[in-house]
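Each ligand, and each atom within it, is numbered from 1 in the order the structure gives.
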Amino acid sequence: MDAITVEASQQQWHTELVKRAKQSVEAIPLSQALGRVLAEDLTAQSDMPPFRKSPYDGFVIPYQSQVNRFKVIGLIGAGEVFDGPVAQGEAVRIMTGAPIPDDCDTMIMQERCDFDGEYITVRGEIKQGDNIVPQGEECSTGEVVIKAGTVLDSGVIAVAVGLGYATVPVYTTLKILVLTSGREIIPVGEPLTAGKIYNSNLFMLTNLLAEHGFQDIMTYHVSDAPELLDREIAKVQELSQQADIIISTGGVSVGLFDSMPAIYKAIGAHTLYNRVLMRPGAASYGGLITRKSGEYTLCFGLSGNPTAAYNGFHLLVLPILRFCQGYANTELMSVTLPLGAAIHKKNPFDRYVQGVITYTAQGAVFIPNRVFTSSALLGLAQANGLAKLEQGKHSYEIGDRIPVLLLKNHN
Ligand SMILES: Nc1nc2c(c(=O)[nH]1)N[C@H]1C(S)=C(S)[C@@H](COP(=O)(O)OP(=O)(O)OC[C@H]3O[C@@H](n4cnc5c(N)ncnc54)[C@H](O)[C@@H]3O)O[C@H]1N2
Ligand code: MOO
């Protein structure tokens with residue numbers, strides 16, 4: 001099987017996914033909706049605001065040219081309605097947010113009024129129509145206010161509540177199985193013995209998923225020990241039945257104990273690609289399990305090397321996860337930024353370089369991580385951008401403008 005580009009891998013997934021059913025939908029209370037993805041448009045059930053209202057505390061009047069003294073005939077607090085007539089020369093005291101009486105067209109802040117308990121005298125010129133928030137200023141009944149595919153964050157939930165929605169239709173959450181692999185990998189907390197390393201990718205992947213709103217995660221570690229393989233395959237098979245997505249790290253290259261492609265094959269996956277034309281992260285696998293029921297599980301094998309796995313997650317996995325979860329925006333945002341340091345490196349394939357986007361008086365700059373090789377770990381602690389170096393271009397100088405994916409700004 002030939003190696004494919006990042007873009008071709010994404011295209012291949014989309015071709016496969018077009019044939020499959022959409023994620024199912026459930027209605028949930030807004031109190032539980034944070035981070036979920038809206039499955040239907042939310043429309044305004046009334047105008048917003050639903051009535052003409054006062055933006056300040058003060059007095060409302062029917063405007064009359066040359067008149068600045070008015071008899072105060074009533075009081076309206078927020079939540080109250082003044083339904084009596086207001087004649088010329090009369091005013092009604094009004095509080096912020098209260099509805100404007102039908103007869104009134106002008107509102108005056110109380111700081112401009114001398115009020116003797118019966119009459120107000122207004123200082124300065126009165127402008128007809130001042131300080132009235134019109135009904136429907138923001139939207140009219142029936143307008144689509146929030147589109148399907150939007151993430152329910154604090155702002156969106158506040159709007160949904162303001163529109164009167166108590167529950168919202170959302171896509172059911174994807175169930176994700178994260179597999180780590182390798183006999184050398186030990187849980188953090190145990191003493192580090194010769195040849196072993198801690199399972200940093202487990203935390204990297206599960207937390208990346210959580211940061212991107214994917215919370216329903218199972219985990220399992222495959223040792224890659226040949227004598228345990230059958231048992232481990234059986235366990236992965238069992239867990240995979242409940243998973244919409246499997247993401248594994250390690251064991252995907254050509255080493256003697258690189259068993260992940262064999263495991264995917266054993267659990268019924270059909271391979272889409274097993275090598276990607278990028279560095280780091282060339283050792284990446286994509287496969288699909290289709291069950292008799294029509295249900296399916298997407299399988300993403302990432303490299304065990306931390307930088308390669310981190311890049312692979314963002315480039316190969318995340319846009320497809322977002323698509324499957326129903327997000328309207330599936331891609332990470334890309335910006336063109338000047339390089340803050342030169343990079344001289346052979347690039348036989350597109351190379352993705354982690355780094356930090358910083359802000360200077362001249363604007364944003366991308367500073368590449370000092371070490372951005374496949375096995376680098378420490379750069380993950382600071383990376384907020386992923387720059388793309390073009391295949392065949394081996395020298396980049398300070399100030400060269402390059403495309404950078406924003407790793408932390410997602411919606
Ligand atoms: N002869 C060849 N050797 C290699 C090739 C090749 O084409 N021919 N490809 C290289 C490339 S490219 C990469 S990338 C790695 C990919 O290796 P695997 O995905 O099979 O991963 P492992 O061998 O299991 O591990 C690589 C590295 O990462 C460490 N690791 C693994 N899991 C974790 C974890 N959960 N947390 C932290 N670190 C982890 C592991 O100990 C290894 O050091 O293969 C090249 N070799
Ligand atoms: O997949 Mo490897 O990361 O190209 O180094």
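Summary of contacts: the protein heavy atom closest to atom 37 (C) of ligand 1 is S200 OG, 3.3 Å. Here the heavy atom of the protein found nearest to atom 39 (C) of ligand 1 is G304 O, 3.2 Å. In this structure, atom 23 (O) of ligand 1 lies nearest to the protein heavy atom D258 OD1, 3.7 Å. The closest protein non-hydrogen atom to atom 1 (N) of ligand 1 is V254 CG2, 3.6 Å. Scanning all protein heavy atoms for the shortest distance to atom 9 (N) of ligand 1 gives S253 OG, 3.1 Å. Scanning the protein for heavy atoms near atom 43 (O) of ligand 1, the closest one is N305 OD1, 4.1 Å.
Between R279 and ligand 1, no pair of N/O atoms sits closer than 3.5 Å. Not a single N or O atom of I185, backbone or side chain, sits closer than 3.5 Å to an N or O atom of ligand 1. Annotation: T249 places no N or O atom under 3.5 Å from an N or O atom of ligand 1; distance criterion only. Annotation: V252 places an N or O atom under 3.5 Å from an N or O atom of ligand 1; distance criterion only.
Checked against the 6.0 Å centroid threshold, F300 and Y285 do not count as a close aromatic pair. Taking the ring centroids of Y198 and F203, they lie at or beyond the 6.0 Å cut-off.
In this pair, Y273 and W13 present their aromatic rings perpendicular. The plane angle is above 60°, beyond the 30 to 60° band. Ring orientation note: the planes of F59 and F115 are nearly perpendicular, at an angle over 60° on the 30°/60° scale.
In summary, the atoms of ligand 1 found under 4.0 Å from a heavy atom of S374, numbered by their order in the structure, are 14 (S). Listed by number with element, the atoms of ligand 1 under 4.0 angstrom from any heavy atom of S181 are 32 (N). Those atoms of ligand 1 that come under 4.0 Å of a heavy atom in G250, given as number and element, are 19 (O), 21 (O), 24 (O). Short contacts between ligand 1 and G251, defined as distances under 4.0 Å to a heavy atom of the residue, involve ligand atoms 18 (P), 19 (O), 20 (O), 21 (O), 22 (P), 24 (O). The ligand atoms of ligand 1 that sit less than 4.0 angstrom from a heavy atom of I197 are 29 (C), 37 (C), 38 (N), 39 (C), 41 (O). Close approach of ligand 1 to Y198 is summarised as follows: ligand atoms under 4.0 Å from at least one heavy atom of the residue are 36 (N), 37 (C).
Residue-ligand proximity: R275 is placed with a non-hydrogen atom under 4.0 Å from ligand 1.
Under 4.0 angstrom from ligand 1, there are no non-hydrogen atoms of M278. Counting heavy atoms closer than 4.0 Å to ligand 1, residue S375 contributes nothing at all. With a 4.0 Å cut-off on non-hydrogen atoms, L377 does not touch ligand 1 at all.
No donor-acceptor pair closer than 3.5 Å links the side chain of Q242 to the backbone N or O of L239. Between the side chain of D105 and the backbone N or O of Y63 there is at least one donor-acceptor pair closer than 3.5 Å. R112 contributes a side-chain N or O that, together with a main-chain N or O of R123, makes up a donor-acceptor pair within less than 3.5 Å. Looking only at distances, no side-chain donor or acceptor of S259 sits under 3.5 Å from a matching main-chain atom of A262.
Within a 6.0 Å radius of CG in N207, other residues, nucleotides and ligands contribute more than 12 heavy atoms. Under a cut-off of 6.0 angstrom, the local environment of CZ in F51 is crowded, with over 12 non-hydrogen atoms contributed by other residues, nucleotides or ligands. Heavy-atom contacts from other residues, nucleotides or ligands closer than 6.0 Å to CZ of R291 number more than 12.
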Cut-off 3.5 Å, no hydrogens considered: what does the side-chain donor-acceptor table look like for residues 146-159, sequence neighbours left out?
from : atom 1 : to   : atom 2 : distance (Å)
T150 : OG1    : K147 : O      : 2.6
D153 : OD1    : G155 : N      : 3.1
D153 : OD1    : V156 : N      : 2.9

Note down each nitrogen or oxygen pair, ligand 2 side and protein side, whose separation is under 3.5 Å; give only atom names and the distance to 0.1 Å.
from     : atom 1 : to   : atom 2 : distance (Å)
ligand 2 : 1 (O)  : G281 : N      : 3.0
ligand 2 : 1 (O)  : A282 : N      : 2.5
ligand 2 : 1 (O)  : A283 : N      : 2.8
ligand 2 : 3 (O)  : G281 : N      : 2.5
ligand 2 : 3 (O)  : S374 : OG     : 2.6
ligand 2 : 4 (O)  : R279 : NE     : 3.2
ligand 2 : 4 (O)  : G281 : N      : 3.1
ligand 2 : 4 (O)  : A282 : N      : 3.0
ligand 2 : 5 (O)  : S374 : OG     : 3.0

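Just one residue in the list I398, V353, I402 forms a side chain to side chain contact (heavy atoms under 4.5 Å, CB included) with L339, and that residue is I402.
Under 4.0 Å is where a charged nitrogen must lie from a carboxylate oxygen, and between E232 and K235 no such pair does. Remark: K388 engages E7 in a salt bridge, criterion side-chain N to carboxylate O under 4.0 Å.
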